[in-house]
Colleague: 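Pasting in a structure now, in structure tokens, and then I'll have a few things to ask.
Every value quoted in this text rests on a predicted model; they were computed, and no experiment measured them. All ligand and atom numbering here is 1-based and tracks the order in the structure.
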Amino acid sequence: MVSEIVYLNGKFVPYEEALVPVEDRGNLFADGVYEVIRFYSGQPFLMKAHMERLERSAREIRLPEIDIDALTEAGLETVRRNGIGDGTLYIQVTRGPAPRNHAFPPNPRPTVFMIARSFARPGEELRGQGVSCITVPDIRWLRCDIKSIGLLPNVLGKQQAKEAGAFEALFVRDGVVTEGTSTNAFAVREGRIVTYPEDEHILPGITRRLILAIARREGIEIVEEALKVGELDRVDELFISSTTIEVLPVVSVDGRPVGGGKPGPIARKLQEQYDRLVEKVASGESIDDFI
Ligand code: PDD
């Protein structure tokens with residue numbers, strides 16, 4: 001097998017040679033931020049928005065300034081060098097290596113790492129039949145708007161979902177659903193899309209933003225408010241979104257059916273419009289202006 005080519009600190013190197021010092025602050029403190037960007041037929045999907053979010057995340061944790069244009073170019077090159085068609089680009093920026101000490105090192109040298117991997121779109125089975133979720137307490141910190149690599153509550157939640165035979169765990173804080181462990185969550189109530197507002201309790205998903213832009217164009221009303229966990233079995237539809245899974249209907253939560261236990265028409269409509277945008281991107285058009 002030909003080795004993967006990884007981007008590390010300005011160089012493209014074989015996977016085996018992409019080594020980071022043991023005292024990298026990403027390793028010691030999860031002191032870093034990341035992005036996951038989708039590619040279809042080798043073309044980036046909403047990369048500009050992802051890079052802007054990376055820039056913001058980096059700023060919020062006070063990383064030294066990063067050159068987003070250079071990083072975008074390097075990201076595109078990483079995808080090209082690995083011949084990725086449908087896949088993802090993972091970008092991680094940490095505060096770099098330094099002797100272990102909680103406070104910032106005097107002259108941080110960030111570690112920038114990127115890897116591109118093939119990733120298939122969700123199949124018709126998942127899209128058509130929907131997925132099940134469980135709920136878990138949202139034990140995360142109060143800056144979930146930062147795409148931090150500190151993901152232990154998310155990891156534990158997803159593992160709990162897996163062990164329960166579910167696809168995703170939905171976080172519940174103060175009796176309301178915030179988001180999934182790696183997805184944003186939406187309900188449909190009386191024809192309106194209800195989703196948690198953009199604040200420090202959720203990641204402002206790029207897919208979330210795209211879905212809301214599609215909904216607006218389709219004339220679907222949007223209500224950005226918290227959904228009570230007790231209301232879940234009374235909503236007409238529930239669905240989750242992310243860069244990797246796109247839009248997936250949720251048909252049960254904690255073993256109870258949602259929306260009659262079947263995917264609903266609004267999720268379907270959003271999936272159809274999403275597919276159109278994927279086709280556009282795959283044919284080389286940018287949809288950066290859509291959101
Ligand atoms: N996760 N909420 C959380 C907590 C997430 O980790 C993600 C993405 C999302 C959806 O954001 P977006 O639409 O921008 O992908 C919401 C990525 C895919 C991951 O960690 O792999």
Colleague: Can you give me every donor-acceptor pair (side chain of residues 210-223, partner residue at least two apart or in another chain, under 3.5 Å) with its distance?
Modeller:
unit_1, atom_1, unit_2, atom_2, d
R217, NH1, F290, O, 3.2
E221, OE1, R192, NE, 3.4
E221, OE2, R192, NE, 3.0

Colleague: Pairs under 3.5 Å, N/O atoms on ligand 1 and on the protein: can you put them in a table with the distances?
Modeller:
unit_1, atom_1, unit_2, atom_2, d
ligand 1, 1 (N), K147, NZ, 3.3
ligand 1, 2 (N), E179, OE1, 2.7
ligand 1, 13 (O), I206, N, 3.4
ligand 1, 13 (O), T207, N, 3.0
ligand 1, 13 (O), T207, OG1, 2.5
ligand 1, 14 (O), R53, NH1, 2.9
ligand 1, 14 (O), R53, NH2, 2.9
ligand 1, 14 (O), I206, N, 2.8
ligand 1, 15 (O), T243, N, 2.9
ligand 1, 15 (O), T243, OG1, 2.5
ligand 1, 20 (O), Y34, OH, 2.6

Colleague: Show me, pair by pair, the donor-acceptor contacts under 3.5 angstrom made by side chains of residues 225-232, not counting sequence neighbours?
Modeller:
unit_1, atom_1, unit_2, atom_2, d
E225, OE2, R189, NH2, 2.9
E231, OE1, R189, NH1, 2.6

Colleague: Pairs in or reaching into residues 256-268: which pass side chain to side chain donor-acceptor pair (under 3.5 Å), with residues at least two apart or in two chains?
Modeller: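 For residues 256-268: R268-Q271.
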Colleague: Between Y15 and E17, is any side-chain donor less than 3.5 angstrom from a side-chain acceptor?
Modeller: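 Per modelled atom types, Y15 and E17 side chains form no pair under 3.5 Å.
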Colleague: On the 0 to 90° scale, with breaks at 30° and 60°, tag the F12-Y7 ring pair as parallel, tilted or perpendicular.
Modeller: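 Perpendicular.
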Colleague: Would R95 and F29 count as a cation-pi pair here, with the cationic atom under 6.0 angstrom from the ring centre and within 45° of the axis?
Modeller: no
